[in-house]
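Contents: one structure, followed by commentary.
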Number of protein chains: 2
Amino acid sequence: MVTIADVARHAGVAPSTVSYVLTGKRSISADTKSRVRESIRTLGYQPHVTDRGTSSSRTGVIGLVLPLRAGMHLPGMMRFVTAAVTTARRHDMDLLLMTADDGASGLRRAANSAQVDGFLVMDVEMDDDRVPLLRQLSKPSVLIGHPATARGLTCVDLDFEAAGAKCVDHLADLGHRSIGFLGAPSAVYRRSTGSAHRTMNGFSAAAMRRGVAATALSVEDDHDSVLRATKALVRAHPSMTALVVHNEAALGWITACLRASGRQVPGDVAVVAICPDELAEQMSPPLTSVRLPAEELGRHAVDLLAAKLDGKQPPPLMLLPPRLSRRASTPDPALVHRRAAQSG
Amino acid sequence: MVTIADVARHAGVAPSTVSYVLTGKRSISADTKSRVRESIRTLGYQPHVTDRGTSSSRTGVIGLVLPLRAGMHLPGMMRFVTAAVTTARRHDMDLLLMTADDGASGLRRAANSAQVDGFLVMDVEMDDDRVPLLRQLSKPSVLIGHPATARGLTCVDLDFEAAGAKCVDHLADLGHRSIGFLGAPSAVYRRSTGSAHRTMNGFSAAAMRRGVAATALSVEDDHDSVLRATKALVRAHPSMTALVVHNEAALGWITACLRASGRQVPGDVAVVAICPDELAEQMSPPLTSVRLPAEELGRHAVDLLAAKLDGKQPPPLMLLPPRLSRRASTPDPALVHRRAAQSG
DNA sequence: CTGAAAGCGCTAACAG
DNA sequence: CTGTTAGCGCTTTCAG
């Protein structure tokens, strides 16, 4: 193993000089600098990152705290992760995986053991028990998702309120006057999951603003519940012509269940989903959707953390604007009328 | 920050003693041991992992080299990754992510910088250019997938030959005498991807052994190619009653394309896929499949690496036996005949 | 602008 | 069984 001392000897300078060339923490004459660089190259020196004089200095490693709960959207997570590693490498950093079920103790372990310079915490909820700890920790962190109060933290998230609103606006623009909302299982709302609550709030507020009738229902993750929910919705609101779905499990069944309730998609009922793009594309008919921007979140999260590590103070909350991709499930009104005329 | 020296002082022993209590590398009297433990607890000591006396000693970190190529099966990778982190934690280790596009240089960087104790290398191919490097590296590694020659390495992989054979056996047992095989795009075979070649070899050998007619075709990743392939297959082998598909992209289209070629699934043609379970379940009809065991691979890979780090010498190649899950696409012959009779 | 030297927290001989 | 001591590779004072 070639050490900094070997380089120093080879270049005819002191070890500390080599160190300074590496870190750039003090000015070195162009001459010595190039001589040292040369020696580094010819000897094939690689800094022994693990041991940087211990006390000060960074490790170049970011802890990525993954949620391992069941029912996570695996492809979405993987997208986030790969975007995060790629971005981290651009900042000359690496990612250390940590499971969320290590929970608070795992965070503390990693923080104190000086393994990492900071944390990326995925899937943060409204009143996440890791949040108080993160505030105390001396290491900076960036949360994906945001708790009830983001004070003193840095968070990135999709703007779920705007997402809910965007769905309504899209549908209202198409002329729909009565819109339903199928949300997550009630347990998710009880857990006070940020994305679920915020989306529904955004949906309701936008419905008020646009003066359209709105009915929201929480729905469980099984086929029967979805069927019951759609039937109830159709019975209670016969005039309902559009549905916003924020429940990935329900997506696969929704078209069939609506049909079983006497409604065709998109002929009788237009559907907008809030879900990963690929999921929306797989449905038949493909669903208009507001996408969950995994890659952007990963990129921004790492960039924000890197900024913090450089002593900058990014804003506490970065909300990504929702983007809606229009697909077959929300056709133009003219088209719908023609179809309706054809079929009835 | 509370150091080992603080603990030593508090417990009235030498720093080294504390160190030995921690590592268990020499026997300590029960008395001192408990006294030290007590001090550790009350002072809230956490080992400063980053700096373990530099020279010897492990970092407790495993490098996980991910392939970031397009077209990877994201949910499967995520399954592998989560199984790997979980298992790693059981060995008191963490996982450091590395992208494969860092390639050989990335491996070298991580190895020399002493960031990691060893590597997990995903998605290894027959003649992978990282393999020679891995042999040279002083750090141990475990490969997922296996190169042409596994000498001097440790590999875990699904036994793809057995998988191909298992498909044939299942179909032959059901009475099928003429079986087709739809493989990966030809580019994949040219790249000499292990799983593709081995599966096909297993398929062909088993077909010989069972005395059934077999025809294999490579097929590109688009709808048109799949359609052309099925049509060609049906025309050339009108008596073909079963199909093995080892191509994830093709799966979604296969049923429709067979129908377009005048064959119903499973009435006229039974189908077995080699793919992640969840994919097979999503198809309609759900496909009988040999699963890609992401979790098992993750678990075994980490266990093997941990064993190597403990100085053990695991066998160079661990092949997981294929498991076939039967679904609607390979019904009993009796049922098929009844259906065939019904429909024509 | 550069060198010498003193640690950093921990481990591993070396001595009892 | 335990304490003393000498490093590990690198950073960072402190002196030029």
Side-chain angles (χ1 to χ4, degrees), chain A residues 1-37 39-40 43-61 92 109-117 138, chain B residues 1-37 39-40 43-61 92 109-117 138 309 311:
Chain A
M1 150 138 285
V2 35
T3 79
I4 219 171
D6 299 325
V7 176
R9 212 168 310 126
H10 186 270
V13 297
S16 55
T17 304
V18 178
S19 173
Y20 285 122
V21 170
L22 259 6
T23 60
K25 288 196 179 172
R26 83 182 184 193
S27 37
I28 308 275
S29 72
D31 180 41
T32 5
K33 203 184 291 189
S34 72
R35 204 142 34 87
V36 169
R37 288 252 166 73
S39 302
I40 288 182
L43 296 187
Y45 166 78
Q46 291 280 140
H48 185 140
V49 179
T50 312
D51 187 316
R52 288 190 187 273
T54 225
S55 47
S56 59
S57 218
R58 292 160 39 168
T59 66
V61 177
D92 258 303
R109 176 181 66 85
N112 292 335
S113 65
Q115 274 187 102
V116 300
D117 296 331
S138 54
Chain B
M1 150 138 284
V2 34
T3 79
I4 220 171
D6 299 325
V7 176
R9 212 169 312 128
H10 186 270
V13 297
S16 56
T17 305
V18 177
S19 174
Y20 286 122
V21 169
L22 259 6
T23 60
K25 288 197 177 171
R26 82 181 184 193
S27 36
I28 308 274
S29 72
D31 180 43
T32 6
K33 204 184 291 188
S34 71
R35 204 140 36 88
V36 169
R37 289 253 166 74
S39 302
I40 289 182
L43 296 188
Y45 167 78
Q46 291 281 139
H48 186 141
V49 180
T50 313
D51 185 313
R52 287 191 188 269
T54 227
S55 49
S56 58
S57 217
R58 292 156 42 165
T59 67
V61 177
D92 256 304
R109 175 181 68 84
N112 291 335
S113 65
Q115 274 187 104
V116 300
D117 296 330
S138 54
L309 290 172

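Keep in mind that the numbers below use all heavy atoms, side chains included, and drop hydrogens, waters and symmetry copies.
- Over its full length, the helix from dC1(C)-dG16(D) to dG16(C)-dC1(D) turns its helical axis through 30°, comparing axes from the five pairs at each end and rounding to 10°.
- Side chains of Val61(A) and Val61(B) form no contact here, defined as non-hydrogen atoms less than 4.5 Å apart.
- For the pair Asp31(A) CG and dC1(C) C1', the computed distance is 12 Å after rounding to whole Å.
- With rounding to whole Å, Arg35(B) atom CZ is found 8 Å from dT2(D) atom P.
- Going from atom CD1 of Ile28(A) over to atom P of dC1(C) covers 9 Å, rounded to whole Å.
- Remark: Ser29(B) pairs with Asp31(B), Thr32(B) by the side-chain contact (heavy atoms from CB on, under 4.5 Å) rule, at least two apart or across chains.
- Judged by distance alone, with hydrogens and angles left aside, the side-chain atoms of Ser39(B) form a donor-acceptor pair with the main-chain N or O of Arg35(B) at under 3.5 Å.
- Under the salt bridge (Lys or Arg N to Asp or Glu O under 4.0 Å) criterion, the residue pairs touching residues 5-14 of chain B are Asp6(B)-Arg9(B), with sequence neighbours excluded.
- Thr23(A) pairs by the side-chain hydrogen bond (donor to acceptor under 3.5 Å, both in side chains) definition with nothing, not counting sequence neighbours.
- For dT11(D), neither phosphate oxygen OP1 nor OP2 lies less than 4.0 angstrom from any side-chain nitrogen or oxygen of Lys25(A).
- A heavy atom lying under 4.0 Å from DNA chain C marks the following residues of residues 7-20 of chain A, by number: Gly12(A), Val13(A), Ala14(A), Ser16(A), Thr17(A).
- In this structure, the nucleotide among dT11(D), dT11(C), dT2(D) sitting nearest to the side chain of Thr23(B) is dT11(C).
- Taking the side chain as every heavy atom from C-beta outward, Val21(B) and Val7(B) never approach each other to under 4.5 Å.
- In this structure Asp92(A) satisfies the side-chain contact (heavy atoms from CB on, under 4.5 Å) test together with Arg89(A), sequence neighbours excluded.
- If you take CD of Gln46(A) and C1' of dC10(D), they are 15 Å apart, rounded to a whole angstrom.
- Taken from CD1 in Ile4(B) to CD1 in Ile40(B), the straight-line distance is 7.5 Å, to the nearest 0.5 Å.
- Mapping Arg26(B) and Tyr45(B) onto DNA chain C by nearest heavy atom places Tyr45(B) at the nucleotide closer to the 5' end.
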